[in-house]
Amino acid sequence: MTTRDFFELARSGDLSELDMHNYVQQLTDNYDEDKLNLLCQEFDEFIQFEFEEWSSSYSKDFKQKNLMNGQKIELYLLRRIEQLHFNSYL
């Protein structure tokens, strides 16, 4: 599965938090910080591209629902990064 496939599945609501956790863990070699940052950058690019497409062709309600799903992914990734930083100080 490509990262774009992952983002699209998560945006559609077809992945549980456990599915996202497992995929991100595998993709980033057990949450390597550099790879997590790269994944966040790819996600930002994905959201920007998708938003531009939605802006031109979908209703406000549709765009808001899909952006909220995208924010769930981003918040999940940010929580993992914060945990890594916190754990490195223990």
Side-chain angles (χ1 to χ4, degrees):
M1 175 179 355
T2 67
T3 54
R4 182 170 181 83
D5 293 337
F6 167 66
F7 296 149
E8 288 176 357
L9 284 170
R11 178 175 48 91
S12 69
D14 290 336
L15 293 177
S16 68
E17 190 164 336
L18 179 60
D19 293 331
M20 287 190 283
H21 171 81
N22 289 337
Y23 182 74
V24 171
Q25 183 178 20
Q26 176 187 9
L27 184 67
T28 61
D29 293 332
N30 204 27
Y31 307 109
D32 174 77
E33 188 172 357
D34 291 333
K35 289 184 179 185
L36 276 172
N37 286 323
L38 288 171
L39 186 60
C40 286
Q41 289 173 5
E42 286 186 33
F43 179 72
D44 287 342
E45 292 169 7
F46 171 80
I47 287 296
Q48 182 63 35
F49 177 79
E50 293 293 311
F51 179 75
E52 290 170 6
E53 285 189 0
W54 296 327
S55 293
S56 64
S57 59
Y58 292 104
S59 71
K60 181 180 176 181
D61 290 339
F62 180 83
K63 288 186 286 189
Q64 186 174 11
K65 175 184 175 250
N66 283 284
L67 285 174
M68 288 174 63
N69 284 340
Q71 289 171 347
K72 280 196 294 188
I73 302 168
E74 188 167 27
L75 289 173
Y76 171 78
L77 293 173
L78 290 173
R79 280 197 314 260
R80 291 300 306 164
I81 291 171
E82 288 172 0
Q83 287 174 348
L84 284 172
H85 287 293
F86 179 76
N87 290 338
S88 68
Y89 294 109
L90 295 178

Common cluster, L18/F6, ILVMFWY with side-chain heavy-atom separation under 4.5 Å: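 The answer is no; the residues belong to distinct hydrophobic clusters.
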Can you list everything that forms a salt bridge (charged side-chain N to carboxylate O under 4.0 Å, His left out) with [X]? Sequence neighbours excluded, please.
X   : answer
D14 : none
E42 : none
E17 : R79

How long is the span from the NE2 atom in H21 to the OH atom in Y31, to the nearest 0.5 Å? 3.0 Å
Out of curiosity, Q25 CD to L36 CG, how far, rounded to the nearest 0.5 Å? 10.5 Å
Using modelled atom types and a 3.5 Å cut-off, is there a donor and acceptor pairing between side-chain atoms of D29 and backbone atoms of D32? no
Between D44 (side chain only) and Q41 (backbone N and O only), is there a donor and an acceptor less than 3.5 Å apart? no
For Q48, all residues meeting side-chain hydrogen bond (donor to acceptor under 3.5 Å, both in side chains), sequence neighbours excluded: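 Here the qualifying residues are E52.
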Taking side-chain hydrogen bond (donor to acceptor under 3.5 Å, both in side chains) as the test, write out the residues that go with N22, two or more places apart.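 Result, side-chain hydrogen bond (donor to acceptor under 3.5 Å, both in side chains) vs N22: none returned.
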Going by the rule side chain to side chain contact (heavy atoms under 4.5 Å, CB included), which residues pair with L39 if we only count those two or more places apart in sequence or in a different chain?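 Applying side chain to side chain contact (heavy atoms under 4.5 Å, CB included) to L39 gives T3, F7, V24, L27, T28, L77.
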How close do M1 and D5 get, heavy atom to heavy atom, and via which atoms?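 Answer, listing the atom of M1 first, then D5: CG-CB, 3.5 Å.
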